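Here the structure comes first, spelled out in structure tokens, and everything after it is commentary.
Please read all numbers here as calculations on a predicted model, not as lab measurements.
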Amino acid sequence: MKIISIISTCLFLLAGVIFASSLQEQNKALAKRAFEELLSKGHFELAEQLYAKDFVNHGIHRDISLEEDQAALKGWHQAFPDLSIVPEKLIADGDQVAVYWIARGTNTGTGNGLPATGKKAEQSGITIWRIVDGKIKEEWSAFDQLSLMQQLGLLDQKPTGAGDTDATARKKE
């Protein structure tokens, strides 16, 4: 009887591991699909299939709804009509998927307050999604907006720190 109990417990634990692994692979597949089809290709109609109705994107200063999140994504596609956002690394843990991504595009349109500069830009970032019942419920993202503005020529790229000096100016002294 003791052996049957031990075998049952082992099988139960093994089934839990297999289920968790399978769920994590499903979550990664959902994240990859969202990046490839919605974020990159702009198939905005998929948002209802991929995101929970009560989705929240947690920003640094405020949270935004799915509607606001999708409006911002549409703005990026307007500013960069050839936008490509490629998921490079996906890591799943429990109900969360972390995605390291690279975005590339040419700023030939206006959107999200950006003027059309005609310049190419490349950006990397990390997005963490919490996935519940097969839908993206929460998001946390980070990317270097300063670098993007510099690539587009919208910000001065000269060093401004107190310790920064122009090497050629020092040589003349």
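The main-chain N or O of K41 is never found under 3.5 Å from a side-chain atom of E36 such that the two would form a donor-acceptor pair. Although no hydrogens or angles enter the test, the distance criterion places a donor-acceptor pair under 3.5 Å between the side chain of Q151 and the main chain of E122. D82 contributes a side-chain N or O that, together with a main-chain N or O of T106, makes up a donor-acceptor pair within less than 3.5 Å. No donor-acceptor distance shorter than 3.5 angstrom exists from the side chain of N107 to the backbone of K119, with no hydrogens or angles considered.
Around CG of D63, the count of heavy atoms belonging to other residues, nucleotides or ligands within 6.0 Å exceeds 12.
Side-chain contact between I91 and Y100 is absent, with no heavy atoms from C-beta onward closer than 4.5 Å. Contact check for Q78 versus T110: no side-chain heavy atoms found under the 4.5 Å cut-off. Within the 4.5 Å cutoff, no side-chain heavy atoms of P87 are placed close to those of L39. Taking 4.5 Å as the limit, every side-chain heavy atom of D95 sits out of range of all side-chain heavy atoms of I131. Under the 4.5 Å side-chain criterion, counting only non-hydrogen atoms from C-beta, V97 is not in contact with L30. Contact check for T127 versus W140: no side-chain heavy atoms found under the 4.5 Å cut-off. L38 has its side chain within reach of Y51: a pair of non-hydrogen atoms, C-beta onward, lies under 4.5 Å apart.
Residue I85 holds its CD1 atom at 11.5 Å from CZ of R104, rounded to the nearest 0.5 Å.
No side-chain donor from either of S65 and E67 sits under 3.5 Å from a side-chain acceptor of the other.
V99 and I128 fall into different hydrophobic clusters, where Ile, Leu, Val, Met, Phe, Trp and Tyr are joined by side-chain heavy atoms under 4.5 Å apart, directly or via other members. Using a 4.5 Å cut-off between side-chain heavy atoms of Ile, Leu, Val, Met, Phe, Trp and Tyr, with links allowed through other members, I64 and I126 fall into different hydrophobic clusters.
Put simply, the residue from E37, H43, R33 that forms a side chain to side chain contact (heavy atoms under 4.5 Å, CB included) with L50 is R33.
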Derivation of the ring pair (Phe, Tyr, Trp, His ring centres under 6.0 Å) call for W129 and F55: CA-CA 10 Å; W129 279 328; F55 166 84; 8.0 Å; no

